[in-house]
Amino acid sequence: MTTRLLLSGGRGLIGSALSRYLASQAIATDLQYLSRAADVDGALTVRWDPVTGYIDADGLEGFDAVIHLAGETIASRWSKARKTRIRDSRVGGTALLAQALAKCARPPKTLICASAIGYYGDRGDEIVDEESAAGAGFLAEVVRDWEGAAAAALAAGIRVVHLRFGLVLSSSGGALTSMLLPFKLGLGGPLGSGRQYVSWVTLGDVVAVIDHVLAHDTIAGAVNVTTSAAVTQAEFARTLGRTLHRPSILPLPGWAVRLLLGEMGEELLLASTRVHPGQLLASGYTFQQQDLSAALTHLLTVPRESI
Ligand SMILES: NC(=O)c1ccc[n+]([C@@H]2O[C@H](COP(=O)([O-])OP(=O)(O)OC[C@H]3O[C@@H](n4cnc5c(N)ncnc54)[C@H](OP(=O)(O)O)[C@@H]3O)[C@@H](O)[C@H]2O)c1
């Protein structure tokens with residue numbers, strides 16, 4: 001039997017890897033895209049526009065699951081206008097989608113939404129899991145409201161899963177590719193104190209986790225998507241330098257990070273979040289990559305990931 005999936009954010013880092021993965025599987029999947037664009041890689045889309053509140057309600061009928069990854073990028077300096085777009089694209093977009101799905105005559109069984117470990121805020125050495133309370137700050141508030149925005153789907157009996165992604169490592173985009181140039185030039189090193197924890201996961205594991213969650217009906221609610229092998233930022237920089245055979249000793253003090261990147265630098269680069277993937281481990285998921293050095297070697301020696 002063909003599984004019908006609807007994917008938002010399908011042109012993004014995670015969405016395009018997921019599309020490639022599904023296309024490579026033997027099990028037949030009818031994958032359609034929910035997008036602001038008329039087509040994604042030549043395939044016609046179900047249209048929506050979270051800014052104007054438009055969604056093609058008829059186009060949402062009859063899917064087995066909806067995977068919702070869309071959101072304005074957070075990886076740039078946060079102006080007031082960008083903060084509004086970061087928030088509205090996630091909170092407004094998720095509410096629009098969840099309300100429309102709840103009204104479907106043939107709603108999906110499952111709604112999987114992207115979320116982020118930014119939920120926990122800056123927690124020092126504390127190990128946080130899905131039971132931990134939300135933290136403070138712009139990102140933590142956005143993520144809390146982003147997850148809350150799926151309430152209509154939950155109330156309609158749809159299984160809702162919030163994938164709290166950590167730092168997704170990939171050779172095809174995202175944070176790791178932005179770090180490569182300074183490290184290759186020998187300009188990499190610890191940021192701020194370097195003692196802040198970085199909770200990471202490879203893109204290959206992210207895709208495998210989505211597959212695992214689709215296959216396991218008992219998984220619901222918040223799911224941390226990071227390995228349990230968080231490292232300090234100084235250790236991360238050392239390991240990346242070693243993998244590239246480059247020195248990684250040039251520190252960038254916290255004040256310089258704040259000056260260059262403002263609030264975004266403070267919350268994304270200087271905050272410490274040490275996350276335990278409790279739900280995934282309890283549901284029997286085994287991470288493909290759990291050692292940072294091995295993961296970076298794999299990512300940086302294969303020219304492009306196979307998924
Ligand atoms: N990558 C990470 O390290 C990471 C970590 C934590 C959380 N996450 C979250 O996981 C999700 C997917 O991540 P990603 O790295 O794949 O993201 P991405 O590469 O930035 O792609 C996001 C997708 O969202 C859609 N989009 C962008 N701006 C939008 C807007 N203003 N309104 C509505 N849709 C918009 C776009 O799809 P269309 O153009 O087709 O509409 C885009 O392809 C995001 O919500 C992100 O915050 C990612």
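Order of listing sets the numbers, starting from 1, for every ligand and every atom in it. Just so you know, residue 1 is the first one in the sequence shown, and it goes up from there. In this text the structure is predicted, and so the values were computed from the model without any measurement.
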Taking atom types as modelled, is there a side-chain donor on [X] or [Y] under 3.5 Å from an acceptor on the other?
X	Y	result
S76	R82	yes
T273	R123	no
S8	H68	yes

Check D64 with K109, please: is the shortest side-chain N to carboxylate O separation under 4.0 Å?
no

Run the salt-bridge test on E263 and R77 with the 4.0 Å N-O cut-off and return the result as yes or no.
no

Would you list the atom pairs, donor with acceptor, under 3.5 Å between side chains in residues 183-198 and any protein atom, with sequence neighbours excluded?
from: S193; atom 1: OG; to: R195; atom 2: N; distance (Å): 3.0
from: Q196; atom 1: OE1; to: G194; atom 2: N; distance (Å): 3.1
from: Q196; atom 1: NE2; to: L191; atom 2: O; distance (Å): 3.0
from: Q196; atom 1: NE2; to: L269; atom 2: O; distance (Å): 2.9

Using heavy atoms and a strict 4.0 Å limit, residues surrounding ligand 1 turn out to be G9, R11, G12, L13, I14, S35, R36, P50, L69, A70, G71, E72, S89, R90, A114, S115, A116, W146, F165, G166, V168

